[in-house]
Amino acid sequence: MNWKEIEEKWQKRWFESKIFESNPDPSRPKFFITVAYPYPNMPQHIGHARTYSLADAYARYKRMRGYNVLFPMGFHYTGTPILAQSKRIQANDKELIEQFKSLGVDEETIKTFVLPLNIAKYFHRDLKLGMQEMGYSIDWRREFTTIDPPYNKFIEWQFYKLKEKGYITRGSHPVGWCPSCKNPVGQHDTKGDLEPEIGEFTAIKFIFNDAYLPTATLRPETIFGVTNIWINPKAEYLEVLLNNEKMIISEKAFEKLKYQFTKLEFIKRIKGSDLIGKYAINPVNGNKVPILPADFVDPDNATGIVMSVPAHAPYDMLAILDLKKDPKGISSEILSSINPIPIIETPNMSTIPTIEIIEKFGIKNQLDSKAEEATKELYMKEFHFGKMLSSTGKYSGMPVSKARDEVKKDLIESNKAFKLYEIINGPIYCRCGSKIIVNILSDQWFINYGDPEWKKITKEHLNNMNIIPNELKKEFENVIDWLKEKACARRAGLGTLLPWDKEWIIESLSDSTIYMAYYTIARIINEEKIDPSLLIPQVFDYVFLGKELTSCVGIKKEILEAMRREFLYYYPLDSRHSGRDLIPNHLTFFIFNHVAIFPKELWPKQIVVNGSVLMEGKKMSKSLGNIIPLRKAIRDYGADVIRVSVLSTSELLQDADFSPSLAENIKSRLEEFYEFALKYANAPQLNKEALDDIDKWILSRTQRIIEQITISMEALRVREVIQNILYIFPQEINWYIKRKNNNPNESVMKYIMEILIKLLAPFAPHLCEELWEKYGNNNFVSIEKWPEIDESLINIKLEASEEYLRNVINDTSEIIKITEIKPSKIYYCVAPKWKWDIYLKVIQLIEEGIDPKLIIREIMKDKEIRTKGEAIVKFINSILSLIISMPKDYRRRILNIGIINEAEILKTDFISRYFNAQVYVGEAFEEVPKKKIEQAIPMRPAIYIV
RNA sequence: GCGGGGAUAGCCAAGUCAGGUCAAAGGCGCAAGGUUCAGGACCUUGUGGCGUAGGCCUUCGUGGGUUCAAAUCCCACUCCCCGCACCA
């Protein structure tokens, strides 16, 4: 079959017939479904296909269920990565150019990428074509980008709303910063794509003559254990004025702290070596401590001055031991006066744990790489299990984890220390080559997701929402709990200007929270070509909030009313789809913002989250070079194959594993389905009057599959759906064909295949349309009615009979296999009626909840039965444990069906054909040993083979 | 650290919420047979161990417990993955 031809044919027809364009229709229920719009900075790949294919399959399913489905799409231009990429292209960055090339972008196009907008436009087109080639049922009339002027107006309105509610705040905020680009840096701006991590240090002000030595630490609680101060003798230090106080810090620190403190002035240079041997005073306890040299001190980390706590910091202990071996001019008097001061006790650790841990790791000196590991281990243990000793005054007895915060707070409040920030996973370099530092932005705008009242209503609404899969609800709850202020604007990038402070551009996670509402009016804005300058806040107040329009706004009243109608028809949003990586940000912001801005009845109803796609078990990444561009994959395998591949290998939340061999497999499976279905395309319509039991059986099974798939579909367990259609149910069909001696009733087959085509249509729409047409229909299967169960075709008794037959055949095969008999005669001795009576009676009693131990007594109450005596007891004993271990509904089904005429079922020449042997069915045969005959129980005839 | 998810046969992956038809779906791989000039594809069968009668034994990360019955419920432990923000 020619996939490409079929795909193009149906995509064209769908487009021409406009069946996926949705307009308000009050006579039909609507279903509004959206997916997180993509960021157009690289080609669409298989990974994207999962979320979109899932949403599309869902949209198609809902459409077949009779909903007026709106499934729109937009493009998220907002943000800085495109800018960063463009800069790299300008700089002729080979790596990026190669990456683009390997993803199929031609050289000429890459040249145009010197303009950021060209990147966005190029990939916008790529993404859109990819979506169309995948056959997504999108209403393209509503398309927009987030830099379209009308969208900007919409975002401005949103921000005015947030501001009115008091959810916008302003304050200072530390960010990773490139001093030469003069911009905050994100992961995509750094060499090697490293995310700068910012740590908060406490700088404790040791008194040194008329100045301070600020020692920077992550463990302020160890201030009580300080024995000395470390300085790097090779480093340059400066005397500076910081917030009007004289301090000594390293030269490197001075350069960086300029970005964190506005009042910082140079006074004079000091050599590190000049400080050595002098004394400083611990501001907490007044202890006089010497200043000593140490090589491990990094002048480029924090202040370049370190306090020494040899009892609890391995580096400090090591440096002291090193110094005792090689004093470097320090007097033995000073060195001998330095004794570790324990201030923390930790279970299972000695009083001076550093000695213990140095021995354990076998560390030689302060430059030994193992010191880092030892430090981590000791810090971790002390933090979790340590308690402050009595020598720490008011903190005595406190767990270290608590003391750390307390000491820090107290020191800062009493002006004995101050906070400073440093990159703790550094050094990290900007793509321009400069080292990343911390800058404090003092006038940063935030959305205050920490607002307790806002949190509360958001959480309340979360509880009313349907989250698929449900396990994630808890995760959402936690995210709502710990969200704080979120910086919502930045200085560079594409996007909407903050309307009241045009120096700032609204950041991408903040301009994408309520845009689903914009889709409802985007069609009108696009078609009427509304002048964006007319889209003032009052317009949106009217359209979205129903506020009276007080003044003339320059847009025709009918148009405004149409927008309002359209919004009210589609809102609230019925289903929001994205990958699970968006839970801690976008999806939660989405709930927050809806709750803040819209009236309660318009809050979103459902969120659907799916896992990502792996490539042959590995994460897809540019560096691994294992990204398959979607459009290439479509050419290689076909759209339906990709759709089914990414949706059928794993459950919703799991990562799906894609591979070429999987795709090949799915491809042949789908082709098989197609060829198979084609055989019955011209068969006559089903005639319910002319059916035998086997026909009736498969028709009954077909109703079950409809039921099961519909349930799975509602819960979006799409893997289950596809598995059932493509693998599990076909086994039933095979059995049916076998039972019919390879002569299936063609009208039955046609009926079944029509149903399967419909059930598969949301997943493989092109294939199914083609088949649907071949089946003689001249409408689209995409908008056909989803199959419904035909109760008249359900036959429990036949299903049970067939299951019985299969079990007997299985048992027979088992015996043949073990005994290695080549069967010529098979005898089936079915259970006599009295056994059936007792069997059902026992099940009945167990169902009534009678203690199994009392069953025999209960049955024996019947005089009739008692006459049989011994045989009865033996029989009951043989079936009792079997019956007890049956599932409840299985027992009920047996009671419901009652006695099955086993002999009649087994008297079919199917069995003798199957085993190529003579088959005898009855209650007893002379040829069969008595003992064997006695073994028969209902549903399990005695089998004797010779 | 805080939060979330997970551990099932050679591999992938269902089953766990609602304990019982569970030696445990389905796929891949492997083996045998069929078809084929051959390869591929396809079809059938098998794929924990033992067994000349449909059975028995062991198994669902480890160790306990509840129950007539545990992959499933409870407790403890070990290991793995992901997120923690200004970045889409």
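Sequence lines set the chain letters: A, B, ... in the order given, protein chains first and strands last, and positions in each chain run from 1.
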- Can you tell me if A:Thr649 and A:Asp657 form a side-chain donor-acceptor pair at under 3.5 Å? no
- Rounded to the nearest angstrom, tell me the gap between atom CE in A:Met42 and atom P in B:C87. 20 Å
- Message: Counting only side-chain nitrogens and oxygens, does A:Thr649 get under 4.0 Å of the OP1 or OP2 atom of B:C12?
- Response: no
- Task: Pick base, sugar-phosphate or nothing for A:Pro887, based on heavy-atom distances below 4.0 Å to the nucleic acid.
- Result: base
- Note on the structure: Residues at least two apart in sequence or cross-chain that pass side chain to side chain donor-acceptor pair (under 3.5 Å) with A:Tyr637, listed by chain then number, are none
- Whole-angstrom distance between B:A71 and B:A9, as gauged at atom C1': 12 Å
- Query: What does A:Thr812 touch in the nucleic acid at a heavy-atom separation under 4.0 angstrom: a base, only the sugar-phosphate, or nothing?
  - Reply: nothing
- How is A:Ala489 classified with respect to the nucleic acid when contacts are heavy atoms under 4.0 Å: base, sugar-phosphate, or nothing? nothing
- Message: Please name the nucleotide paired to B:G33 by Watson-Crick or G-U wobble geometry with both distances under 3.5 Å, or report none.
- Response: B:C43
- Item | Within 6.0 Å of CG in A:Asn916, more than 12 heavy atoms from elsewhere | no
- Message: Only pairs with both distances under 3.5 Å count, Watson-Crick or wobble alike; so what is the partner of B:C50 in this structure?
- Response: B:G55
- Message: So if I take residues 436-448 of chain A and measure heavy-atom distances to RNA chain B, which residues fall below 4.0 Å?
- Response: none
- Query: Across all strands, who's sitting opposite B:C84 as a Watson-Crick or G-U wobble pair, both distances under 3.5 Å?
  - Reply: B:G1
- Can you list the residues that meet the side-chain contact (heavy atoms from CB on, under 4.5 Å) rule with A:Arg719, with sequence neighbours excluded? A:Glu651, A:Gln723
- Task: May I ask which nucleotide in the shown strands pairs with B:C77, Watson-Crick or G-U wobble, both distances under 3.5 Å?
- Result: B:G61
- Residues two or more places apart in sequence or in another chain: which of them pass side-chain contact (heavy atoms from CB on, under 4.5 Å) with A:Ala492? A:Leu83, A:Asn183
- Whole-Å distance between B:A69 P and A:Arg891 CZ? 15 Å
- Message: Check this for me: A:Glu820, atom CD, are more than 12 non-hydrogen atoms of other residues, nucleotides or ligands nearer than 6.0 Å?
- Response: no
- A:Glu848 atom CD: more than 12 heavy-atom contacts under 6.0 Å: yes
- Query: Does B:G10 have a Watson-Crick or wobble partner in any strand here, with both distances under 3.5 angstrom, and which is it?
  - Reply: B:C28
- Tested for side chain to side chain contact (heavy atoms under 4.5 Å, CB included) against A:Tyr944, the lone hit among A:Ile826, A:Val928, A:Ile815 is A:Val928
- In whole angstrom, give the distance that lies between atom CG of A:Asn742 and atom P of B:U44. 11 Å
- Message: Say we look at B:A31 and B:G40: how far apart would their P atoms be, to the nearest angstrom?
- Response: 11 Å
- Indicate whether the side chain of A:Glu485 and that of A:Tyr449 have a donor and an acceptor atom separated by less than 3.5 Å. no
- For the side chain of A:Ser508, starting at C-beta, report the closest nucleotide among B:G55, B:A85, B:A88. B:A88
- Sugar-phosphate means primed atoms, P, OP1 and OP2; the rest is base. With that split, encode nucleotides 48-53 of chain B 5' to 3' as B, S or - using protein heavy atoms under 4.0 Å. ---BSB
- Query: Can you name the side-chain contact (heavy atoms from CB on, under 4.5 Å) partners of A:Ile911, sequence neighbours left out?
  - Reply: A:Leu805, A:Ile809, A:Tyr828, A:Leu906, A:Thr908, A:Phe915, A:Val919
- Item | Spacing between A:Asp481 atom CG and B:G83 atom C1', to the nearest angstrom | 16 Å
- Message: Between B:U35 and B:C79, how many Å separate the two C1' atoms, rounded to a whole number?
- Response: 49 Å
- Task: Identify, between A:Leu483 and A:Asp811, the residue whose nearest nucleotide on RNA chain B lies closer to the 5' end.
- Result: A:Asp811
Between protein and nucleotides 1-7 of chain B, what N or O pairs are separated by less than 3.5 Å?
residue: B:G3; atom: O3'; partner: A:Asn478; partner atom: ND2; Å: 2.9
residue: B:G3; atom: O2'; partner: A:Asn478; partner atom: ND2; Å: 3.1
residue: B:G4; atom: OP1; partner: A:Lys474; partner atom: NZ; Å: 3.1
residue: B:G4; atom: O2'; partner: A:Glu475; partner atom: OE1; Å: 2.6

- Query: Counting side-chain heavy atoms from CB outward, which of B:C68, B:C42, B:C86 is closest to A:Ser668?
  - Reply: B:C42
- Item | Listed nucleotide nearest any side-chain atom of A:Glu672, set B:C43, B:G83, B:U45 | B:C43
- Pairwise P distance, B:U45 and B:G27 [rounded to whole Å]: 12 Å
- Would you please name every residue forming a salt bridge (Lys or Arg N to Asp or Glu O under 4.0 Å) with A:Lys486, sequence neighbours left out? A:Glu507
- Task: Sequence neighbours left out, what passes salt bridge (Lys or Arg N to Asp or Glu O under 4.0 Å) with A:Lys408? Give chain and number order.
- Result: A:Glu200
- C1' spacing across the pair B:G4 / B:C11, given as an integer number of angstrom: 27 Å
- Task: When you get a sec, tell me which of B:C68, B:A14, B:A88 is the closest nucleotide to the side chain of A:Glu651?
- Result: B:A14
- Query: Looking at residues at least two apart in the chain, or sitting in another chain, which of them share a salt bridge (Lys or Arg N to Asp or Glu O under 4.0 Å) with A:Asp851?
  - Reply: none
- Message: Under 4.0 Å, heavy atoms only, any strand: does A:His173 hit a base, just the sugar-phosphate, or nothing?
- Response: base
- Item | Rounded P spacing from B:U59 to B:A23 in Å | 13 Å
- Could you check whether A:Thr78 gets within reach of a base, just the sugar-phosphate, or nothing at all, counting any heavy atom under 4.0 Å? sugar-phosphate
- Message: Holding to salt bridge (Lys or Arg N to Asp or Glu O under 4.0 Å), I want the full list of residues that pass it with A:Glu714, two or more places apart in sequence or in another chain.
- Response: A:Lys62, A:Arg65
- Query: Is A:Leu509 touching bases, backbone alone, or none of the nucleic acid, heavy atoms closer than 4.0 Å?
  - Reply: base
- Which of A:Arg704, A:Arg806, A:Lys738 passes salt bridge (Lys or Arg N to Asp or Glu O under 4.0 Å) with A:Glu732? Answer is A:Arg806
- Query: If the P atom of B:G61 is compared with that of B:G55, how far apart are they to the nearest Å?
  - Reply: 26 Å
- Query: Which is true for A:Pro941 with a 4.0 Å heavy-atom rule: it touches a base, it touches only sugar-phosphate, or it touches nothing?
  - Reply: base
- Item | A:Leu587 backbone acceptor or donor facing A:Arg576 side chain under 3.5 Å | no
- When A:Tyr914 and A:Arg717 are each assigned the nearest nucleotide of RNA chain B, the 5'-most assignment goes to A:Arg717
- Paired to B:C68 by Watson-Crick or G-U wobble criteria (both distances under 3.5 Å) is B:G20
Show the distances under 3.5 angstrom between N or O atoms of the protein and N or O atoms of nucleotides 22-28 of chain B.
residue: B:A25; atom: N1; partner: A:Arg719; partner atom: NH2; Å: 2.9
residue: B:G26; atom: O2'; partner: A:Gln723; partner atom: OE1; Å: 3.1
residue: B:C28; atom: OP1; partner: A:Asn665; partner atom: OD1; Å: 3.2

- Item | Gap between atoms CZ and C1', on A:Phe589 and B:C84 respectively (whole Å) | 12 Å
- State, yes or no, whether a side-chain contact exists between A:Leu117 and A:Tyr77 at a heavy-atom distance under 4.5 Å. yes
- What interatomic distance, in whole Å, is found between P of B:C56 and the corresponding atom of B:G63? 25 Å
- Just how far, in rounded Å, is C1' of B:C17 from CD1 of A:Ile468? 16 Å
